[in-house]
Amino acid sequence: MTGSTDTGLFTARNMVRVGLCAAAALALTGCGGKKQTAAVMAPSQVTTIGVNSYLWRASLDTLSFMPLLQSDSAGGVIVTDWYTNPKNPGERMKVTVMILDQDLRADALRVTAAREVAANGGWAAAPVEAATVQKLEDIILTRARDLRRNSVGG
């Protein structure tokens, strides 16, 4: 008969197994511990809303003079109700802001506006100047950049 019939605790095979398990256990202890480094995340993404928080806050700030009809932070949509300027009661505006991304970029913002003028005892649709919509977008983007700059500390 060849080979060992020793079934004791200290056989060569068991010693190799114990050694491998000990080496694996030592290697794994280096992987654990409580010193985890926090993932670096852009401040705009540390939020519970579904869109860029700076664009969202800047949009609300910019449109704060208008009554809100709907605001959905998860979808990034703000719809105002009709607003009549006291200096021009024969005209009213309605604005919709859509935030399309979580990044603070100019193409992550879309502003649309509707304008009506008083005519024959009612309201008639009137064209909105492209410069008006562009100016609103610029104001929102500038405000968002300022909010980000202030939160980052620079």
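Values reported hereafter were calculated over all heavy atoms of this structure, with side chains retained and with hydrogens, waters and symmetry mates removed.
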All N/O donor-acceptor pairs, side-chain side in residues 116-125, below 3.5 Å, sequence neighbours left out:
| from | atom 1 | to | atom 2 | distance (Å) |
| --- | --- | --- | --- | --- |
| Glu116 | OE1 | Arg92 | NE | 2.9 |
| Glu116 | OE1 | Arg92 | NH2 | 2.6 |

For Pro127, does its backbone N or O pair with a side-chain atom of Arg115 as donor and acceptor, under 3.5 Å?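 Answer holds: yes.
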Taking Arg148's backbone N and O only, do any of them form a donor-acceptor pair with Ser151's side chain (distance below 3.5 Å, no angle check)?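 It does hold such a pair.
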Side-chain donor-acceptor pairs of residues 74-89 under 3.5 Å, sequence neighbours excluded:
| from | atom 1 | to | atom 2 | distance (Å) |
| --- | --- | --- | --- | --- |
| Thr80 | OG1 | Val95 | N | 2.8 |
| Thr80 | OG1 | Val95 | O | 3.2 |
| Asn85 | OD1 | Lys87 | N | 3.0 |

Taking distance alone, no hydrogens or angles, what donor-acceptor pairs closer than 3.5 Å link side-chain atoms of residues 62-69 to residues at least two apart or in another chain?
| from | atom 1 | to | atom 2 | distance (Å) |
| --- | --- | --- | --- | --- |
| Thr62 | OG1 | Ala58 | O | 2.7 |
| Ser64 | OG | Asp61 | O | 3.0 |

In terms of heavy-atom contacts, does CZ of Arg105 have more than 12 from other residues, nucleotides or ligands at under 6.0 Å?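 Correct, the count exceeds 12.
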Derivation and outcome, side chain to side chain contact (heavy atoms under 4.5 Å, CB included), residues Leu141 and Leu55: CA-CA 7 Å; Leu141 288 168; Leu55 287 172; 3.8 Å; yes
Quick check: closest heavy atoms across Val128 and Ala113, and the distance to 0.1 Å?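 Smallest heavy-atom distance, with atoms named: CG2-O, 3.5 Å.
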Kindly give the heavy-atom pair with the smallest separation between Leu104 and Asn52, and that separation in Å.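 Scanning both residues, the minimum pair turns out to be N-ND2, 3.2 Å.
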I need the Arg57 CZ to Arg143 CZ distance, nearest 0.5 Å.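 Between Arg57 CZ and Arg143 CZ, I get 8.0 Å after rounding to 0.5 Å.
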Hey, could you give me the CD/CG distance between Glu137 and Asp107, rounded to the nearest 0.5 Å?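 Those atoms lie 10.5 Å apart.
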Under a 4.0 Å threshold between the charged nitrogen and the carboxylate oxygen, would Asp138 count as salt-bridged to Lys135?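 Looking at Lys135 and Asp138, the cut-off is not met.
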Kindly work out whether a path of hydrophobic side-chain contacts (I/L/V/M/F/W/Y, heavy atoms less than 4.5 Å apart) joins Val111 to Leu60.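 Per the 4.5 Å side-chain linkage, Val111 and Leu60 are co-clustered.
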Does any non-hydrogen side-chain atom of Ser59 lie less than 4.5 Å from one of Leu109?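 Heavy-atom side-chain distance check passes, below 4.5 Å.
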